Amino acid sequence: MKRKLLFIIFSVSLFAVLGLTSVNPAFPKMSEELGVKGSEIGLIISVFTLPGIILTFIFGILSDRFGRKIILSSSLVLYGVTGFFCSLTNNFNILLILRFLEGIGASSLGAMNVILIADFFSDAEQHKILGYNNSVLNLGTAAFPVLGGFLAGYSWKYIFYLPLAAVPVGIWIWFALPENQERKKINFKKYFLDIYHITLKNNLLPVLVISLFSFIILFSSYLTYMPFLLKSKFNSSPLIIGICLSTVTVSTAIISIFYGRISEIFSYKNIFIFIFITYALSIFLMPFVTQWWLILFPAILFGIAHGINLPHIQNYIIRRINPEHRGGIISLNRSVSQLGQSLGPILGGIIYALDPVKGVRWVFFAASLNAILILFFLLAFIKQNSD
C-alpha cells in the first residue's frame with residue numbers, strides 16, 4: 001500500500017512542476033514567434049500560477065470536506081486537457097487564457113502531495129518522506145527544462161503535449177487512492193477563524209511570509225530571466241538553457257534527500273540563515289559569469305538553498321497543525337507560494353523593462369537584495385528553536 005501511495009504522491013509532485021519548468025527554455029523562441037516583448041513573456045507563468053492564489057486554499061478546504069480523491073482526480077484531468085489545448089493556438093492572448101485554465105487544474109497539486117504525506121505517514125516518517133518527495137519533485141524540475149528545451153528546438157508547441165499524461169493518471173488515482181480521513185460537515189466561518197487563530201498561535205505567519213518571498217526570488221530571477229541572461233550574453237540555444245536550468249534542480253534534488261538529517265543537527269533558525277545567505281550570494285554572482293557553463297556553479301549553490309528551504313517550511317507547518325485543518329493550512333501555504341510565483345515574473349519584468357540593454361542584470365541584483373532583506377526579517381521574527 002505504501003508503495004502505491006508513494007507512486008501517487010510522486011506523480012502528483014511531477015505534474016505540479018511540469019507546467020512551470022518545461023516551458024521556460026522556450027521563452028526566447030516563443031517571444032520571437034508570438035511577437036511578444038521579453039518583459040511580457042513571464043505572463044505565461046503568472047497566469048498559470050494566478051488561480052492557485054485563491055483556489056489552492058479553497059481546494060484544500062474542499063478536500064477536508066469531500067475527500068482528497070475527487071479534488072485530485074478532477075484537477076489532473078482538467079490540467080491535462082487544457083494544457084494540451086495550449087499547443088493549438090498561435091495567439092498569445094488565447095494562450096494566456098488556456099494557461100489560466102491549466103493553472104486551475106494545477107492549483108491543488110502542489111498542496112495535495114504534502115497533504116497526502118501528512119494523511120498516510122506517521123510523524124516519524126514525515127521528515128524522510130518530505131525530503132524524498134522534494135527530491136523527486138526537483139528531479140522532475142531538472143528533467144523538464146531539458147525535455148522542454150529539446151522539444152522547443154523543433155517547436156514550442158510540442159511542450160504542451162506533455163500535460164496530456166495527467167489525464168490517465170487522474171483516472172487511475174480515482175480508483176487507486178484510499179480515503180483515510182473522516183468527512184465532516186464544515187462550518188466555514190468557524191473553519192476560517194480556526195485557521196486564523198492557528199496561524200497566529202503557532203507562529204506560522206512569519207513562515208508564510210518567508211514562503212512568499214522565496215518564490216518571488218525564484219521566479220523573478222532564475223526561472224524566468226536566466227533564459228534571457230543566457231540568450232543575451234552567449235546566444236545560448238533552448239537546449240543549453242534547459243541544461244542550465246536543470247543544474248539548480250539536480251542539486252536541489254540531491255540535498256533534499258538529506259533534509260531529515262540536516263533538520264536533526266541544526267536549529268530551525270540557523271538553517272534559514274544559511275538558506276538566504278546562499279540565495280543572495282548565488283543570485284548575485286550569476287550576471288558576472290563570462291562563459292555559459294560558469295553559471296552552473298552559482299546555480300548549484302542556489303539549488304542547495306532551495307532544496308533545504310521547501311521541506312523546511314513544510315515540516316514546520318505540518319508539525320503545528322491538527323488533522324481536521326490540515327488541508328486548509330497546507331493549502332494556504334501553497335497559495336502563498338503561488339502568489340510569489342505570480343508576482344515574481346511580473347516584478348522581474350518591470351525591472352527588466354527599465355533598461356532594455358542591461359535590465360536582465362538588475363533583475364538578478366534585485367532578487368539578491370530581496371534575499372538579504374528576508375534574512376533580516378527571519379532574524380527578527382523566527383524563533384531559534386523549531387519545536
Side-chain angles (χ1 to χ4, degrees), residues 52-54 56-65 68 108 110-131 133-134 180-182 184 186-216 256 259-260 262-276 306 308-340 374-387:
I53 297 171
I54 297 176
T56 299
F57 184 45
I58 292 175
F59 286 149
I61 295 172
L62 293 177
S63 76
D64 282 341
R65 170 63 180 88
R68 317 302 189 202
S108 71
M112 290 302 299
N113 55 2
V114 180
I115 292 169
L116 292 177
I117 292 172
D119 279 348
F120 290 100
F121 294 91
S122 67
D123 292 344
E125 295 173 306
Q126 285 170 8
H127 289 80
K128 184 192 300 183
I129 302 301
L130 282 169
N133 182 60
N134 277 278
N180 79 327
Q181 89 273 20
E182 182 182 354
K184 298 179 179 179
I186 294 177
N187 181 326
F188 285 98
K189 181 179 179 180
K190 182 178 182 301
Y191 190 94
F192 287 127
L193 286 174
D194 287 345
I195 287 179
Y196 172 76
H197 290 303
I198 291 169
T199 300
L200 295 181
K201 180 181 178 181
N202 294 289
N203 199 37
L204 297 181
L205 187 58
V207 178
L208 294 176
V209 172
I210 290 171
S211 183
L212 170 67
F213 281 92
S214 296
F215 282 89
I216 288 177
S256 292
Y259 169 71
I262 292 169
S263 67
E264 293 173 356
I265 298 174
F266 301 101
S267 73
Y268 192 83
K269 189 170 187 175
N270 286 342
I271 292 174
F272 256 143
I273 291 171
F274 168 80
I275 288 167
F276 282 91
H306 204 60
I308 300 172
N309 193 18
L310 295 187
H312 201 45
I313 292 171
Q314 293 165 354
N315 182 42
Y316 185 91
I317 292 172
I318 286 177
R319 293 176 64 183
R320 285 158 176 78
I321 56 178
N322 50 45
E324 58 265 30
H325 296 96
R326 183 176 289 156
I329 294 180
I330 292 176
S331 296
L332 175 61
N333 175 60
R334 178 62 178 173
S335 291
V336 167
S337 71
Q338 288 186 291
L339 176 60
I374 293 302
L375 177 62
F376 285 110
F377 173 84
L378 71 90
L379 287 172
F381 293 103
I382 295 295
K383 298 178 181 178
Q384 184 66 29
N385 196 327
S386 64
D387 296 326

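Positions are given from 1, in the same order as the sequence printed here. Computed from a predicted model, the values in this text were never measured in an experiment.
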Side-chain touch Phe272/Ile308, heavy atoms, less than 4.5 angstrom: no
Shortest non-hydrogen contact from [X] toward [Y]:
{"X": "Arg68", "Y": "Ser63", "value": "NH1-OG, 2.9 Å"}
{"X": "Ile273", "Y": "Leu378", "value": "CG1-CD1, 3.8 Å"}
{"X": "Asp64", "Y": "Gly328", "value": "OD2-N, 3.4 Å"}

Thr56 side-chain N/O to Ser108 backbone N/O, donor-acceptor pair under 3.5 Å: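 No; judged by distance alone, with no hydrogens or angles, the pair does not exist.
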Ser335 side chain vs Ser331 backbone, donor-acceptor pair below 3.5 Å: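 Checking the backbone N and O of Ser331 against the side chain of Ser335, a donor-acceptor pair under 3.5 Å is found.
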His312 and Tyr268 aromatic ring geometry - parallel, tilted or perpendicular at 30°/60° bounds: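 Aromatic pair Tyr268/His312 classed parallel.
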[X] side, atom [atom1]; [Y] side, atom [atom2] - distance, nearest 0.5 Å:
{"X": "Leu332", "Y": "Ser337", "atom1": "CG", "atom2": "OG", "answer": "10.0 Å"}
{"X": "Ile318", "Y": "Ile313", "atom1": "CD1", "atom2": "CD1", "answer": "12.0 Å"}
{"X": "Ile117", "Y": "Asn133", "atom1": "CD1", "atom2": "CG", "answer": "4.0 Å"}
{"X": "Phe274", "Y": "Asn309", "atom1": "CZ", "atom2": "CG", "answer": "11.0 Å"}
{"X": "Leu208", "Y": "Ile317", "atom1": "CG", "atom2": "CD1", "answer": "5.5 Å"}

Among Leu310, Val114, Leu130, the one residue meeting side chain to side chain contact (heavy atoms under 4.5 Å, CB included) with Asn315: Leu130
Leu379 atom CG, over 12 foreign heavy atoms within 6.0 Å: yes
